[in-house]
Amino acid sequence: MKKVIRFFTSVMLVFCILAGAVVSGPDTAYAATAYVQQYSDMIGQGGYIYYIRTSEKDGSAVIWRMKVSTGETSKVVSESRGIVKLIVSGQQLYYTTVNDEDQWEVRTCRLNGDDVQTVCEGCVCYADSERVYYIRYVQGTQACLYVKDLAAGESVSIREVKADQTLDYVCNIGAESYYYIYDRTTDKLFLYRLHTATNKFTRVASEKRMAEGTSGLMVSDVRQISGELYYDFGSYEGSGGFWNGTIKKLTVDGKKKTVAKYTADDKIIAGSRELYFSTPKGDNYKYQLKTGKKTKYSLKFEQNIGYTVLGDKTYMADTSNKKKIVISRFTSGTDRETLTKNFISIPFKQKAGISYSVSMKQVGIYNMICVTGTDFSPKYGWRGKTVSVNWFITDGAGTLLGSFQ
């Protein structure tokens, strides 16, 4: 359960959440009490955004939801020992927490927080109207994938691995889920497909390490595009935990081909005709899905400018104005072609002495903009100290719909 372990390690970072039409930076004490982590699960469904806010003081967490049309926020459920792995299925919400015996536990409630129940011991992977899939440790060391029939209340084991192997969930695509197994003894990685209608667990591909790494191998993402399966595998390396990955694809006729090596993105970024990736050195490439041709392109490096590629569009965030964040948009795979200046404008008052960066992700039909403030004073080292995180919501037209803390 490496992803979950990485999450609980990261929840000890210090954040300060402030929100509003104009957001001021934190005070010098950085007296944050709770935060919405940049990489935590976030769901957009039915006109709501669901997110997890975690206390920096004691690790407790609350799932909140925001009605985007009105900006109204409400508490869904709280857990004193943290929350990870948030899933919405129909009218039910599933999540993972830690029980009083220090074991992972899957719980569920209605979307408004009513009727909280414990489903099983373990970490939730995927859920639908009939079943819940989860991973738990047998005798504290061996991981096992289970499925629980909600109507019958019975769990069935699908796959168990040895103590020196890691089993983890990657994602779900339609009626199929993807998992990986990493064998620490042989340093080999295996990608599996689970057909949820039959619970058939089938090996899709096997891989070995492509570059020297400091941690175990894992599959970080899987995408299906025009009948071909793309997967990103590698490891997080160094003190900064930077991704060093390889993207491969399985063609319709079953052949395996390498798309890219030494990638810095742990998610597969694909548009309608091209796939985009970068390298740890900062080089940018586009890969034509139809022909397999790979082309290097430039993104101009400038102070206070950051880029986020979201499919066919690339978003360029400018933090040079101390009173607002300005985001322009242009065609991905180009150096600002078809540029739409000031596509998004967010009133935001920056604090002196704090550096601000902007990232974006798509959650349902919404674009989620994360503005992170970092103090790079010498006393905090080269990584600095995160002192604020603020979230803003826009629609596809760039209209600012709201913010939350």
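Aromatic ring centres of Phe190 and Tyr182 lie farther apart than the 6.0 Å criterion allows.
A 4.5 Å side-chain heavy-atom check between Phe392 and Leu400 finds at least one atom pair inside the cut-off. Between Tyr94 and Lys85, every side-chain heavy-atom pair lies at or beyond the 4.5 Å cut-off. With a 4.5 Å cut-off on side-chain heavy atoms, Ile354 and Val387 count as touching. Counting heavy atoms from C-beta outward, Lys248 and Thr258 have side chains that approach closer than 4.5 Å. By the 4.5 Å heavy-atom criterion applied to side chains, Tyr262 and Thr246 are not counted as neighbours. No side-chain heavy atom of Thr334 sits less than 4.5 Å from a side-chain heavy atom of Tyr297. Contact annotation: the side chain of Glu207 approaches that of Tyr231 to within less than 4.5 Å [non-hydrogen atoms, C-beta and beyond]. For the pair Thr196/Ser177, a side-chain contact is recorded, criterion being any heavy-atom separation below 4.5 Å from C-beta on.
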Would you sort out whether Val62 and Ile52 count as a side chain to side chain contact (heavy atoms under 4.5 Å, CB included), showing the intermediate values? CA-CA 6 Å; Val62 177; Ile52 304 168; over 6 Å; no
Evaluate side chain to side chain contact (heavy atoms under 4.5 Å, CB included) for Phe301 paired with Tyr307, printing each intermediate quantity in order. CA-CA 10 Å; Phe301 177 79; Tyr307 300 94; over 6 Å; no
Kindly determine whether Glu176 and Arg193 satisfy salt bridge (Lys or Arg N to Asp or Glu O under 4.0 Å), including the steps that lead there. CA-CA 7 Å; Glu176 295 177 329; Arg193 177 190 293 118; 3.5 Å; yes
Worked check of side chain to side chain donor-acceptor pair (under 3.5 Å) between Thr263 and Asp265: CA-CA 6 Å; Thr263 63; Asp265 309 298; 5.9 Å; no
Test side chain to side chain contact (heavy atoms under 4.5 Å, CB included) on Met42 and Ile49; report intermediate values, then the result. CA-CA 7 Å; Met42 193 176 290; Ile49 299 291; 4.0 Å; yes
Between Asp221 and Lys267, is a side chain to side chain contact (heavy atoms under 4.5 Å, CB included) present by the stated rule, with each step listed? CA-CA 6 Å; Asp221 198 16; Lys267 294 296 181 183; 3.8 Å; yes
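Side-chain atoms of Thr108 and Gln92 include a donor-acceptor pair closer than 3.5 Å. The closest side-chain donor-acceptor pair between Gln117 and Asp115 falls under 3.5 angstrom. For the 3.5 Å distance criterion, the side chains of Thr166 and Arg184 qualify, holding a donor opposite an acceptor. A donor-acceptor pair shorter than 3.5 Å cannot be found between the side chains of Asp128 and Tyr133. A donor and an acceptor atom, one from each side chain of Ser332 and Asp312, are nowhere located under 3.5 Å apart. Ser345 and Asn342 are not linked by any side-chain donor-acceptor pair at a separation below 3.5 angstrom, with hydrogens and angles left out of the test. Between the side chains of Thr338 and Thr331, at least one donor N or O lies within less than 3.5 Å of an accepting N or O. Of the N and O atoms on the side chains of Lys249 and Tyr287, at least one donor lies less than 3.5 Å from an acceptor on the other residue. No side-chain donor from either of Asn284 and Ser278 sits under 3.5 Å from a side-chain acceptor of the other. Gln38 and Ser359 share a donor-acceptor pair across their side chains, judged by distance under 3.5 Å alone.
Ionic pairing of Glu79 and Arg53 is not present here: no N-O contact between side-chain nitrogen and carboxylate oxygen is shorter than 4.0 angstrom. Note on Asp283 versus Lys296: salt bridge recorded, some NZ/NE/NH1/NH2 to OD/OE distance being below 4.0 Å. Classification of Asp102 and Arg81 as a salt-bridged pair holds, one side-chain N sitting under 4.0 Å from a carboxylate O. With respect to the salt-bridge test (charged N to carboxylate O, under 4.0 angstrom), the residues Arg209 and Asp187 qualify.
How far CD of Gln350 is from NZ of Lys322: 4.5 Å, rounded to the nearest 0.5 Å. Atom NZ of Lys162 is separated from atom CG of Asp164 by 6.5 Å, given to the nearest 0.5 angstrom. Annotation: the span from Ser403 atom OG to Met368 atom CE amounts to 9.5 Å, rounded to 0.5 Å. Rounded to the nearest 0.5 angstrom, Glu274 CD and Gln288 CD are separated by 5.5 Å. Note: Asp168 CG to Cys123 SG = 7.5 Å, rounded to the nearest 0.5 Å. Expressed to the nearest 0.5 Å, how far NZ of Lys300 lies from CZ of Arg336 amounts to 5.0 Å.
Between Tyr285 and Phe277, the ring planes are parallel. Angles under 30° get that label, and only those over 60° would be called perpendicular. Using the six-membered ring where Trp is involved, Tyr51 and Phe404 have ring planes that are parallel, under 30° apart on the 30 and 60° scheme.
The two residues Leu93 and Tyr95 make their nearest non-hydrogen contact at CD2-CD2, 3.5 Å. Nearest heavy-atom pair across Ile327 and Ile369 is CD1-CD1, 3.8 Å. Counting all heavy atoms, side chain and backbone alike, Gly216 lies closest to Ser235 at O-CB, 3.5 Å. Closest approach of Leu250 and Lys256 over heavy atoms only: CD2-CB, 3.8 Å. Contact record, Val76 with Cys109: CG1-SG, 4.1 Å, taken as the closest heavy-atom pair. Residue Ile83 comes nearest to Ala61 through the heavy atom pair N-CB, 3.6 Å, listed as atom of the first residue, atom of the second, then distance.
Geometric assessment of Arg65 against the ring of Tyr50 yields a negative cation-pi assignment under the 6.0 Å and 45° thresholds. Under a cutoff of 6.0 Å and an axis angle of 45°, Arg329 and Phe343 form a cation-pi pair. Cation-pi geometry between Arg159 and Tyr192 is satisfied (NZ or CZ under 6.0 Å from the ring centre, within 45° of the ring normal).
Just one residue in the list Tyr169, Tyr134, Tyr137 forms a ring pair (Phe, Tyr, Trp, His ring centres under 6.0 Å) with Tyr146, and that residue is Tyr134.
Between the side chain of Thr96 and the main chain of Val124, a donor-acceptor pair closer than 3.5 Å is present.
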